[in-house]
*Asks:* 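Have a look at this one.
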Amino acid sequence: MAFLPIQIVVLMQLLMILVASLCLMKINGVDLGEELTGGVHGGGSGQEQREFDYFKLALQWPGTICQGNHRCCASNGCCQGSNSLSEFTIHGLWPDYNDGSWPSCCNGPRYDSKEISTLTDVLKKYWPSLSCSKSSTCHGGKGTFWAHEWEKHGTCCSPVIRDEYSYFLTAINVYSKHNVTQVLNEAGYLPSNSEKYPLGGIITAIQNAFHATPELQCKGGAVEELHLCFFKDFKPRDCISEPHIESYLVASSSCPKYVSLPDVQASSRYADTRVAF
Ligand code: U2P
């Protein structure tokens, strides 16, 4: 009985240490949630980071992204009549770690548009920026969408991809070899402003075509991004560690059970809002 107060005091001290540690973490800006769910680790410029585990080809659905984007400029693919908004375009080729985090801004040369001058036309069509905003680069400045993707992700693809030209060319090749839009169209999932499609059906169509499970992200019930994952030799692999679609639907996806693939026409949509630059 005589030991009871001492035990309580020790317990209280332990509790105070725990509370103090949590407060310090908050003060130092460490976000526990982010640490647990993954995030942009090692985001400084030109850092030596451990080799990545696999590639993620991130595709975006312009029909969804362009709906929330009403400003036109020369670089905004949403406004280019020649660009189809009914096809997935490239967001980036991202090296990722199996634990859900990823390296960023690794050692490597800064973006140089001259390096990819021969690819520009192809990139404008299949890897357009879908906004007028400039993107952050790894050196504290702002640059094009392509500059952002090369510096943040491309520099971390070593030793598989070692230079800017190879980074963009590889992404275009992987994208052309895995035509997600065609796979979905052939399965009956066509761009539409009225139809809703089962998320499970979309995932199954991709699984049947590429023998790997993709990752999907939605905004307001519409598909915004679709990610395909690859081993370092570019053979397809699952993006998600949980192989059961049902649990994936419930636990990890920002998509509802039925999703849309909005159909937005670039030329007609922007006919009245186009501005000269
Ligand atoms: O998901 C929000 C942003 O985080 C970055 N991201 C996400 C998943 C992943 O596997 N790798 C990755 O880098 C992307 O950042 P961005 O390239 O757009 O700057 C993604 O948009």
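Whatever order the structure lists them in is the order used to number ligands and atoms, beginning at 1. Quantities reported herein were computed from a predicted structural model and do not represent experimental measurements.
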*Asks:* Determine whether Q207 and T213 satisfy the following criterion, side chain to side chain donor-acceptor pair (under 3.5 Å), listing intermediate values before the conclusion.
*Replies:* CA-CA 5 Å; Q207 285 176 322; T213 304; 2.7 Å; yes

*Asks:* Is H227 in contact with ligand 1, taking contact as a heavy-atom separation below 4.0 Å?
*Replies:* no

*Asks:* Give yes or no for whether the N/O distance cutoff of 3.5 Å, strictly under, is met between H91 and ligand 1.
*Replies:* yes

*Asks:* Could you pull out all residues at least two apart from E115 that satisfy side chain to side chain donor-acceptor pair (under 3.5 Å)?
*Replies:* none

*Asks:* Give the atom numbers and elements of ligand 1 that come within less than 4.0 Å of a heavy atom of H148.
*Replies:* 16 (P), 17 (O), 19 (O)

*Asks:* Just which atoms of ligand 1 are under 4.0 Å from any heavy atom in D96?
*Replies:* 9 (C), 10 (O), 11 (N)

*Asks:* A cation-pi test, strictly: NZ or CZ of K177 under 6.0 Å from the centre of the six-membered ring of F210 and no more than 45 degrees from its axis. Yes or no?
*Replies:* no

*Asks:* So which of K152, Q60, H153 gets nearest to atom 17 (O) of ligand 1, if we judge by its closest heavy atom?
*Replies:* H153

*Asks:* Check for me whether R50 meets the cation-pi criterion with Y97, that is, NZ or CZ under 6.0 Å from the six-membered ring centre and within 45 degrees of the ring axis.
*Replies:* yes

*Asks:* Check whether Y54 forms a cation-pi arrangement with R237 (NZ or CZ under 6.0 Å from the six-membered ring centre, at most 45° off the ring normal).
*Replies:* yes

